[in-house]
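Report on the structure given below.
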Amino acid sequence: KLRTVTSVVNLFFQADYDSDLKISGEEAELLLPQITILWEIVPGYSQQKVIDHVRNNGMTIKQFYPIVDALVQENEELAFRALEDLVNQSASGIAENLVPDEDPML
């Protein structure tokens with residue numbers, strides 16, 4: 001299980017070329033297809049739907065964690081839910097993940 005976490009998190013950081021702790025744009029194409037264990041756990045889920053969402057909206061390491069957790073547990077239901085939560089996030093949900101809780105402007 002530790003190997004799974006290490007491998008998948010390393011893929012995140014390798015794909016994060018600008019080191020902003022967020023996968024977006026072309027980085028989505030570098031990361032998501034490489035997580036083969038994810039697509040084996042949820043074979044019917046649209047990989048392209050996830051790639052398109054992350055390319056357009058980004059995915060922070062915080063947003064990535066539920067996917068990693070599902071992979072560690074090898075749990076199809078958790079993986080499916082994590083992907084659904086990611087691709088169905090509203091604009092305000094995405095903004096909440098990008099703005100620190102302690103931001104004085106809020």
Side-chain angles (χ1 to χ4, degrees):
K1 294 184 183 206
L2 181 59
R3 189 175 305 150
T4 300
V5 171
T6 303
S7 298
V8 175
V9 172
N10 279 341
L11 287 172
F12 183 98
F13 287 113
Q14 288 172 1
D16 183 20
Y17 278 130
D18 56 6
S19 300
D20 64 352
L21 299 180
K22 178 182 168 189
I23 299 297
S24 60
E26 294 305 312
E27 295 170 338
E29 293 280 354
L30 298 172
L31 173 63
L32 294 162
Q34 299 301 315
I35 309 173
T36 55
I37 187 174
L38 174 61
W39 310 114
E40 290 169 6
I41 291 174
V42 288
Y45 203 90
S46 172
Q47 187 178 137
Q48 194 59 51
K49 178 180 176 180
V50 179
I51 291 170
D52 290 345
H53 176 82
V54 172
R55 181 188 302 117
N56 296 325
N57 301 293
M59 175 177 65
T60 64
I61 191 77
K62 180 179 174 183
Q63 291 171 300
F64 189 54
Y65 179 76
I67 295 170
V68 175
D69 185 43
L71 296 177
V72 168
Q73 296 186 45
E74 297 179 5
N75 185 310
E76 179 181 358
E77 183 181 336
L78 274 181
F80 184 86
R81 193 175 327 132
L83 291 170
E84 281 292 289
D85 288 349
L86 176 67
V87 299
N88 291 321
Q89 269 194 330
S90 65
S92 62
I94 292 167
E96 287 173 15
N97 280 306
L98 298 177
V99 178
D101 293 338
E102 67 278 357
D103 192 322
M105 299 301 290
L106 296 177

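Throughout, numbering of the chain's residues begins at 1 and tracks the sequence.
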query: Is any side-chain heavy atom of Met59 closer than 4.5 Å to a side-chain heavy atom of Leu86?
result: yes

query: Any side-chain heavy atom of Ile23 sitting closer than 4.5 Å to one from Leu32?
result: no

message: I want to check something: taking the side chain as every heavy atom from C-beta on, are Val8 and Leu38 in contact at a cut-off of under 4.5 Å?
response: no

- line: ring-ring contact (aromatic ring centres under 6.0 Å, His included) pairs touching residues 8-40, sequence neighbours excluded, are Phe12-Phe64

field: Student check: side-chain heavy atoms of Asp69 and Ile67 closer than 4.5 Å
entry: no

message: Tell me whether Leu30 shares a hydrophobic cluster with Ile61, the cluster being built from Ile, Leu, Val, Met, Phe, Trp, Tyr side chains joined at under 4.5 Å.
response: no

field: Separation between CD of Glu26 and CD1 of Ile51, rounded to the nearest 0.5 Å
entry: 10.5 Å

message: Starting from Leu11, can I reach Ile37 by hopping between I/L/V/M/F/W/Y residues whose side chains sit under 4.5 Å apart?
response: yes

query: Which atoms form the tightest heavy-atom contact between Pro33 and Ala28, and what is the distance?
result: CD-O, 3.7 Å

query: By side-chain contact (heavy atoms from CB on, under 4.5 Å), which residues pair with Asp20, not counting sequence neighbours?
result: Asp16, Asp18, Lys22

- request: Sequence neighbours left out, what pairs pass salt bridge (Lys or Arg N to Asp or Glu O under 4.0 Å) with at least one residue falling in residues 28-48?
  value: Glu29-Arg55

- prompt: Looking at Ser24 and Gly58, what are the two nearest heavy atoms and their distance?
  reply: CB-CA, 3.8 Å

message: Determine whether a donor-acceptor pair (N or O, by modelled atom type, separation under 3.5 Å) exists between the side chain of Asn56 and the backbone of Asp52.
response: yes

message: So, using ring pair (Phe, Tyr, Trp, His ring centres under 6.0 Å) as the criterion, who are the partners of Phe80 when residues are at least two apart?
response: Tyr45

Co-membership, hydrophobic cluster, residues Val42 and Tyr65, 4.5 Å side-chain: no

- request: Answer yes or no: is there a side-chain heavy-atom contact under 4.5 Å between Thr60 and Gln63?
  value: yes

query: Does a side-chain heavy-atom distance below 4.5 Å link Gln14 with Gln34?
result: no

- request: Only counting residues at least two apart or in another chain, list the ones meeting side-chain contact (heavy atoms from CB on, under 4.5 Å) with Ser46.
  value: Gln48, Lys49

task: Mind checking side-chain contact (heavy atoms from CB on, under 4.5 Å) for Pro66 and listing every partner two or more places apart, or none if nothing turns up?
output: Ala82

hydrophobic_cluster_shared for Val54 and Val87, side chain cutoff 4.5 Å: yes

- prompt: Is the number of heavy atoms from other residues, nucleotides or ligands under 6.0 Å of Glu77 CD greater than 12?
  reply: no

- request: Would you indicate whether the side-chain heavy atoms of Val50 and Gln47 approach each other to under 4.5 Å?
  value: no

